[in-house]
Number of protein chains: 2
Amino acid sequence: MPASVPLPPLAYPDRDEITVEAVLRALADPVRLAMVRQLANSETEISCSGFEVPVTKSTLTHHLATLRQAGVIVGRQVGTTRYNALRRNDLDALFPGLLDGVLAAPR
Amino acid sequence: MPASVPLPPLAYPDRDEITVEAVLRALADPVRLAMVRQLANSETEISCSGFEVPVTKSTLTHHLATLRQAGVIVGRQVGTTRYNALRRNDLDALFPGLLDGVLAAPR
DNA sequence: CGGATAGTTCGATGAACGTCGTAGTTCGAT
DNA sequence: ATCGAACTACGACGTTCATCGAACTATCCG
């Protein structure tokens with residue numbers, strides 16, 4: 001059995017690697033949009049199990065990965081839990097108004 | 001053979017029927033995003049055959065229908081050609097900043 | 001150590017989507 | 001009336017994607 005390797009620290013795109021298309025694709029799913037809304041309305045970060053969405057845990061992990069790879073969220077690992085937060089600064093800098101416009105939507 | 005019926009006037013969603021999710025899905029495709037960019041950068045409306053995208057005409061029609069049903073564009077019929085334009089007013093009213101944020105994206 | 005908790009990974013599956021070609025319809029011009 | 005131009009509609013095909021359950025890893029706590 002191979003020696004245990006320290007977890008690959010979970011790659012995030014740099015600000016200049018974030019594309020508007022990936023962000024739009026990430027936001028276009030109802031579950032992920034709900035997650036982003038919860039993050040935007042929350043004072044604190046939200047852990048994987050802290051999201052209120054009607055999917056199983058494995059599906060939730062998949063959505064988190066999609067948002068992460070698109071550059072929409074970052075995760076801070078603490079023990080076994082990962083606290084997620086919106087990359088507001090980066091998104092606002094790259095696409096000013098986009099996130100606010102989405103969040104302003106009545107539905 | 002049935003008598004020729006005047007073209008069903010091609011239904012568009014009312015402003016209050018436009019959902020942010022449908023708009024995001026519509027914008028999330030590279031071809032459609034290119035079309036929206038061309039519309040935004042154009043002084044005039046653009047006909048179906050006026051878009052510069054690497055797809056066949058039937059595919060283009062499909063993308064136009066997607067944008068239309070999402071409430072992103074309107075079409076004005078003149079003879080056999082349909083001139084398309086962005087629904088800037090409606091989109092800006094519903095999701096202020098969204099469209100500008102997307103169009104401001106370097107890529 | 002052993003158990004519980006938090007996430008991830010891995011197929012598998014079914015639905016949605018982008019793409020195309022062909023055929024059809026409407027309209028304008030010859 | 002016939003032809004061509006501009007789209008639209010339909011059916012088909014392959015890919016991507018959201019979803020799930022089950023197995024797995026890692027961490028924390030008695």
Side-chain angles (χ1 to χ4, degrees), chain A residues 1-12 19 21-36 44-70 72-85, chain B residues 1-12 19 21-36 44-70 72-85:
Chain A
M1 189 186 300
S4 121
V5 177
L7 270 178
L10 215 45
Y12 297 92
T19 68
E21 194 193 313
V23 171
L24 290 172
R25 287 195 87 81
L27 297 179
D29 181 85
V31 173
R32 289 193 292 263
L33 188 55
M35 294 166 68
V36 169
T44 72
E45 300 159 303
I46 300 181
S47 69
C48 181
S49 54
F51 288 100
E52 294 179 3
V53 287
V55 293
T56 66
K57 225 188 298 187
S58 62
T59 302
L60 217 162
T61 296
H62 165 247
H63 286 311
L64 283 172
T66 300
L67 290 169
R68 193 175 64 234
Q69 290 160 9
V72 178
I73 63 172
V74 277
R76 186 172 56 92
Q77 188 84 24
V78 176
T80 62
T81 86
R82 183 194 313 278
Y83 294 98
N84 302 283
Chain B
M1 190 186 300
S4 124
V5 177
L7 272 177
L10 216 43
Y12 297 91
T19 68
E21 194 194 312
V23 171
L24 290 172
R25 289 196 86 82
L27 297 180
D29 180 84
V31 173
R32 288 192 293 263
L33 187 55
M35 293 166 69
V36 169
T44 71
E45 300 159 303
I46 300 182
S47 68
C48 180
S49 53
F51 289 99
E52 294 179 3
V53 287
V55 292
T56 66
K57 226 186 289 190
S58 64
T59 301
L60 216 162
T61 296
H62 166 247
H63 286 312
L64 283 171
T66 301
L67 290 170
R68 196 174 62 232
Q69 288 159 11
V72 178
I73 63 172
V74 277
R76 185 172 57 90
Q77 188 85 24
V78 176
T80 62
T81 87
R82 184 192 313 278
Y83 293 99
N84 302 284

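Heavy atoms only: backbone and side chains are in, while hydrogens, waters and symmetry mates are out. Chain identifiers are assigned alphabetically (A, B, ...) following the order of the sequence lines, protein sequences preceding nucleic acid strands; residue numbering begins at 1 within each chain.
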Any protein N or O atoms within reach of nucleotides 4-8 of chain C? Criterion: under 3.5 Å, listing atom names and distances.
{"from": "C/dA6", "atom 1": "O4'", "to": "A/Thr80", "atom 2": "OG1", "distance (Å)": "3.1"}
{"from": "C/dA6", "atom 1": "O3'", "to": "A/Thr80", "atom 2": "O", "distance (Å)": "3.4"}
{"from": "C/dG7", "atom 1": "OP1", "to": "A/Cys48", "atom 2": "N", "distance (Å)": "3.2"}
{"from": "C/dG7", "atom 1": "OP1", "to": "A/Arg82", "atom 2": "N", "distance (Å)": "3.4"}
{"from": "C/dG7", "atom 1": "OP2", "to": "A/Ser49", "atom 2": "N", "distance (Å)": "3.0"}
{"from": "C/dG7", "atom 1": "OP2", "to": "A/Ser49", "atom 2": "OG", "distance (Å)": "3.0"}
{"from": "C/dT8", "atom 1": "OP1", "to": "A/Arg82", "atom 2": "NE", "distance (Å)": "3.3"}
{"from": "C/dT8", "atom 1": "OP1", "to": "A/Arg82", "atom 2": "NH2", "distance (Å)": "3.2"}
{"from": "C/dT8", "atom 1": "OP2", "to": "A/Thr61", "atom 2": "OG1", "distance (Å)": "2.9"}

task: Scan residues 46-69 of chain A for pairs that pass salt bridge (charged side-chain N to carboxylate O under 4.0 Å, His left out), counting only residues two or more places apart or in two chains.
output: none
- request: For the pair B/Arg82 (side chain) and B/Arg76 (backbone), establish whether a donor and an acceptor sit closer than 3.5 Å, ignoring hydrogens and angles.
  value: no
task: Look only at the side chain of A/Glu45 and the backbone of A/Ser47, and say whether a donor-acceptor pair between them is shorter than 3.5 Å.
output: no
message: List the residues meeting side-chain hydrogen bond (donor to acceptor under 3.5 Å, both in side chains) with B/Thr56, not counting sequence neighbours, and say none if there are none.
response: B/Ser58, B/Thr59
- request: Check the distance between D/dC17's C1' and B/Asp29's CG and give it to me in whole angstrom.
  value: 14 Å
query: B/Asn84 has an atom CG; how far is it from atom C1' of D/dC7, in whole Å?
result: 11 Å
Residues in side chain to side chain contact (heavy atoms under 4.5 Å, CB included) contact with B/His62, at least two apart in sequence or another chain: B/Thr66
- prompt: Considering residues at least two apart in sequence or located in another chain, which fulfil the side chain to side chain contact (heavy atoms under 4.5 Å, CB included) criterion with A/Val74?
  reply: A/Tyr12, A/Ala85, A/Arg87
message: So, does B/His63 get its side chain near the phosphate of C/dT19, meaning an N or O under 4.0 Å from OP1 or OP2?
response: yes
query: Any side-chain N or O of B/Arg32 less than 4.0 Å from the OP1 or OP2 oxygen of C/dG18?
result: yes
message: Run the salt bridge (Lys or Arg N to Asp or Glu O under 4.0 Å) test against B/Glu21 and tell me which residues pass, sequence neighbours left out.
response: none
- request: Apply the side-chain contact (heavy atoms from CB on, under 4.5 Å) test between B/Met35 and each candidate in B/Ile46, B/Leu27, B/Leu60; give the one that qualifies.
  value: B/Leu60
query: How is the base pairing of DNA chain C summarised as a dot-bracket string, given the Watson-Crick and G-U wobble criteria with both distances under 3.5 Å, [ ] for crossing and | for another strand?
result: ||||||||||||||||||||||||||||||
message: For A/Pro54 and A/Arg25, find the nucleotide of DNA chain D closest to each by heavy atoms; which residue's nucleotide sits nearer the 5' end?
response: A/Arg25
